[in-house]
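As structure tokens, the structure follows; a few thoughts come after it.
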Amino acid sequence: MGVAHPFYWKPKLRIPDIYENDVNKRAFGQFLQNCLTATREEQLLREVILLDEKRIKGLGPAVASILYFLHPTLVPPCNTAIVSGFNKLFNEKVKLGSWKEYLRMREVILHTNHKFRSHLSTDLGAMGGLLFDVGDMKLLPPGGRPCLQRRQRR
């Protein structure tokens, strides 16, 4: 099911912020339009921050994965297994569903993808697939411990 999965079950949960609120629906539609037409990384990041400020419930990892399809070299896919794999591989504690945490995770993924660019694609799907497999326990870091060091925060 992949990225479509949340769109099958979330309406059943009746999350009114997105499924029953016309103002939020329009805001989300405008967000998608702005992301579709964005030509620079700064534009995408600004749109994510603006969306986060609206505090619309129900717009999390599935939306990040939609952004990945629109801009696969700038935005990594996201789901529970990817976040879990990221936390295992980098010894982090990123929370699923937080745009601030997602953007922090994105920075580490971009840095790591660039560091290993000779082995990975510029498309962040390869890194997303690796993180998914680690999070889904199909691949384990040596000794079950984090094996990649994240970039030091300034």
Side-chain angles (χ1 to χ4, degrees), residues 1-10 15 18 27-154:
M1 269 198 283
V3 76
H5 177 72
F7 297 103
Y8 292 134
W9 60 265
K10 281 200 176 188
I15 300 171
I18 190 62
F28 180 52
Q30 187 63 60
F31 164 80
L32 290 174
Q33 177 66 35
N34 292 346
C35 290
L36 176 65
T37 58
T39 57
R40 295 186 332 273
E41 180 179 16
E42 299 80 35
Q43 291 172 296
L44 286 172
L45 296 178
R46 183 180 68 237
E47 291 302 323
V48 168
I49 291 166
L50 290 172
L51 181 69
D52 185 38
E53 289 172 355
K54 293 184 185 328
R55 301 286 182 238
I56 302 172
K57 291 184 175 104
L59 301 180
V63 174
S65 290
I66 290 170
L67 292 181
Y68 162 71
F69 288 114
L70 296 176
H71 299 281
T73 62
L74 298 175
V75 182
C78 188
N79 64 25
T80 304
I82 289 171
V83 171
S84 177
F86 176 84
N87 287 336
K88 287 176 185 170
L89 212 52
F90 293 97
N91 196 29
E92 288 281 349
K93 290 184 169 79
V94 167
K95 294 179 203 161
L96 186 69
S98 164
W99 283 108
K100 188 176 281 188
E101 295 279 296
Y102 172 78
L103 292 176
R104 185 169 64 87
M105 182 176 82
R106 175 190 169 272
E107 285 299 318
V108 174
I109 290 171
L110 285 172
H111 173 76
T112 305
N113 201 70
H114 180 74
K115 183 178 176 181
F116 295 102
R117 68 183 170 270
S118 63
H119 302 288
L120 299 170
S121 169
T122 57
D123 179 320
L124 298 173
M127 190 67 177
L130 170 66
L131 295 174
F132 180 91
D133 284 350
V134 170
D136 203 34
M137 310 255 316
K138 292 178 185 159
L139 290 174
L140 296 175
R145 293 181 303 237
C147 59
L148 294 173
Q149 296 298 315
R150 64 176 172 78
R151 182 173 67 182
Q152 293 296 319
R153 292 187 189 134
R154 295 179 205 186

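Starting from 1, each residue takes its place in the sequence as its number. Note that this is a predicted model, so its numbers are computed, not measured.
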Just by modelled atom types, is the [Y] backbone N or O under 3.5 Å from a matching donor or acceptor in the [X] side chain?
X: T112; Y: V108; result: yes
X: D136; Y: K138; result: no
X: N87; Y: V94; result: yes
X: R46; Y: Q43; result: no

Less than 4.5 Å apart, side chain to side chain, heavy atoms only: is that true for L130 and L89?
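Yes, their side chains come closer than 4.5 Å.
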
Non-hydrogen side-chain atoms of L45 and R106 separated by less than 4.5 Å:
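With C-beta onward as the side chain, the pair touches.
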
For [X] versus [Y], what's the shortest heavy-atom pair and its separation?
X: K88; Y: V134; result: NZ-O, 3.8 Å
X: H71; Y: L36; result: NE2-O, 4.4 Å
X: L131; Y: I82; result: CB-O, 3.8 Å
X: Y68; Y: L124; result: CE1-C, 4.1 Å
X: G128; Y: P77; result: CA-CG, 4.1 Å
X: S65; Y: C78; result: OG-O, 3.0 Å

Once you measure the plane-to-plane angle for W99 and Y102, does it fall in the parallel (<30°), tilted (30-60°) or perpendicular (>60°) bin?
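Rings of W99 and Y102: perpendicular, over 60°.
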
[X] [atom1] to [Y] [atom2] distance, which is reported to the nearest 0.5 Å:
X: M105; Y: L110; atom1: CE; atom2: CG; value: 10.5 Å
X: H114; Y: M127; atom1: NE2; atom2: CE; value: 13.5 Å
X: N34; Y: L44; atom1: CG; atom2: CG; value: 10.0 Å
X: F86; Y: L96; atom1: CZ; atom2: CG; value: 13.0 Å

Cationic N near anionic O, under 4.0 Å, R104 to E101:
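Salt bridge present between R104 and E101.
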
With respect to E53, which candidate in I56, L50, L51 satisfies the side-chain contact (heavy atoms from CB on, under 4.5 Å) definition?
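Only one of I56, L50, L51 forms a side-chain contact (heavy atoms from CB on, under 4.5 Å) with E53, namely L50.
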
Which is it for L59 and K54 under the side chain to side chain contact (heavy atoms under 4.5 Å, CB included) test, yes or no, and what are the steps along the way?
CA-CA 11 Å; L59 301 180; K54 293 184 185 328; over 6 Å; no

